[in-house]
Amino acid sequence: MDQIKIFAPATVANVSCGFDVLGFALDTIGDEMHIRKSDKKGITITKIVGEDLPYDAKKNVVGAAGYALLDALNSDAGFEIDIYKKIKPGSGIGSSAASAAGTVFAINKLLGNPFNNTELVRFAMEGERLACGSAIADNVSAALFGGFTLVRSYAPLDIIKINTPNQLYATVIHPQIEIKTADARRVLKDTVPLKDAIKQWGNVGGLISGLYTEDYGLISRSLHDYVAEPFRSVLIPGFDLVKQKSIEAGALGCGISGSGPSIFALSKGLENAQKVADAMKEVYKNIGIDFYVYVSKINTEGVKIIS
Ligand code: ADP
């Protein structure tokens, strides 16, 4: 095999109570990438369609992630990469993670699968280090493993793939506002009051259990965040109303996707997820902020080979 075309999914991280540890992959939103073996050593970005991103591989997460993999093998191999970017950078649905995960998945395939998924996560995390300054694992884990993923530990890296109930759908709205990652970090507190921590880990346990037993009521009761959302939500105009209207429209829960500005909701069944989309749209139409909205089944496969 000399070339491969892949779909690299958008992902939702910081899933309510799973702040910094839980993520999931989306099915209908993602980038396409074409990767070919080349005689020229290293990574060459040959095409970027859809967004204005650096062609210099050292400045693009594609290079950061790809070179991390090649360096681990001490490899002289060369690859050309075309990126068809559909996920807007800075949207909060893992734009950089999709490129990083897609790159390491494809190169690994073209080299005959020397690495397992957890090892690929570690390489893709180098892309995240370039994009946001820290090597976070939640988006790239969800993109590579698919479904819901739990980053149980960073040292050693321990990623657990969690069951995804069949009727679970996500609605994501991306209001066209900018939130600086630095601001989203700054508003968080260094410590968590014990009473909030107790509620948070009760909900994490409940959510994981609900996902395995496909208990939508338990999933709904567990989708609450006492650690990040109370502080970060003030950065997103309309967040409280979007959340209220989503729940009224039938969502199981609603929260900030990544560090925002996108907001996600989970629902049982496509019809409910579409009603939630309508409710979310209405809020931003009334406020006068432009938006993109997506409804998607949870992608349980992760990065997919197109051809
Ligand atoms: P979010 O998770 O909020 O969607 P990202 O993690 O995608 O945001 O971060 C986007 C940052 O990463 C931008 O500064 C962008 O310029 C940089 N970046 C570098 N290479 C890529 C790439 N291939 N795809 C997306 N963003 C990239």
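Remember, it's 1-based here, ligands and their atoms both numbered in the order they're listed. All heavy atoms count here, side chains included; hydrogens, waters and symmetry mates do not.
A salt bridge links Asp31 with Lys85: the distance from a Lys NZ or Arg NE/NH1/NH2 to an Asp or Glu carboxylate oxygen falls below 4.0 Å. At a threshold of 4.0 Å, the pair Lys275-Asp278 does not count as salt-bridged, since none of the basic side-chain nitrogens sits closer than that to a carboxylate oxygen. Under the 4.0 Å criterion applied to side-chain N and carboxylate O atoms, Asp183 and Arg186 are assigned as salt-bridge partners.
If you number the atoms of ligand 1 from 1 as listed, the ones under 4.0 Å from a heavy atom of Asn60 come out as 20 (N), 21 (C), 22 (C), 23 (N). Within ligand 1, the atoms closer than 4.0 Å to a non-hydrogen atom of Gly90 are 1 (P), 3 (O), 4 (O), 7 (O), 8 (O), 10 (C), numbered from 1 in the order shown. Taking every heavy atom of Ser95 and a limit of under 4.0 angstrom, the matching atoms of ligand 1 come to 2 (O), 4 (O), 7 (O), 24 (N), 25 (C).
For atom 26 (N) of ligand 1, the candidate residues are Leu130, Leu53, Asp52; the nearest heavy-atom contact is made by Leu53. With Gly94, Ala10, Ala64 as candidates, the residue nearest to atom 2 (O) of ligand 1 on a non-hydrogen basis is Gly94. With Ala131, Gly127, Gly260 as candidates, the residue nearest to atom 17 (C) of ligand 1 on a non-hydrogen basis is Ala131. The closest heavy-atom contact to atom 24 (N) of ligand 1, among the options Met33, Lys88, Lys85, comes from Lys85.
In this structure, Phe264 and Phe24 have perpendicular ring planes: the angle between them is above 60°, well past the 30° mark. In this structure, Phe123 and Phe115 have perpendicular ring planes: the angle between them is above 60°, well past the 30° mark. The aromatic rings of Tyr292 and Tyr294 sit parallel, their planes meeting at an angle under 30°, below the 60° perpendicular limit.
The cationic atom of Lys161 (NZ for Lys, CZ for Arg) does not lie both less than 6.0 Å from the six-membered ring centre of Phe145 and within 45° of the ring axis. Judged by the 6.0 Å and 45° rule, Lys58 forms a cation-pi pair with Tyr67.
The side-chain heavy atoms of Val15 and Leu223, taken from C-beta on, include a pair separated by under 4.5 Å.
If you look at Ser99 next to ligand 1, the close heavy atoms, those under 4.0 Å, all belong to the side chain. The backbone and the side chain of Val61 each have at least one atom closer than 4.0 Å to an atom of ligand 1 (non-hydrogen atoms only). Contacts between Ile93 and ligand 1, counted as non-hydrogen atom pairs separated by less than 4.0 Å, involve the backbone only.
At a 3.5 angstrom cut-off on N or O pairs, Gly92 counts as close to ligand 1. Residue Lys59 has no nitrogen or oxygen atom sitting less than 3.5 Å from a nitrogen or oxygen atom of ligand 1, judged on distance alone.
Scanning all protein heavy atoms for the shortest distance to atom 5 (P) of ligand 1 gives Ser96 OG, 3.2 Å. Looking at atom 13 (C) of ligand 1, its nearest protein heavy atom turns out to be Pro89 CB, 4.3 Å.
Under a cut-off of 6.0 angstrom, the local environment of CD in Glu51 is crowded, with over 12 non-hydrogen atoms contributed by other residues, nucleotides or ligands.
When distances from atom 7 (O) of ligand 1 to the protein are checked, a heavy atom turns up under 4.0 Å.
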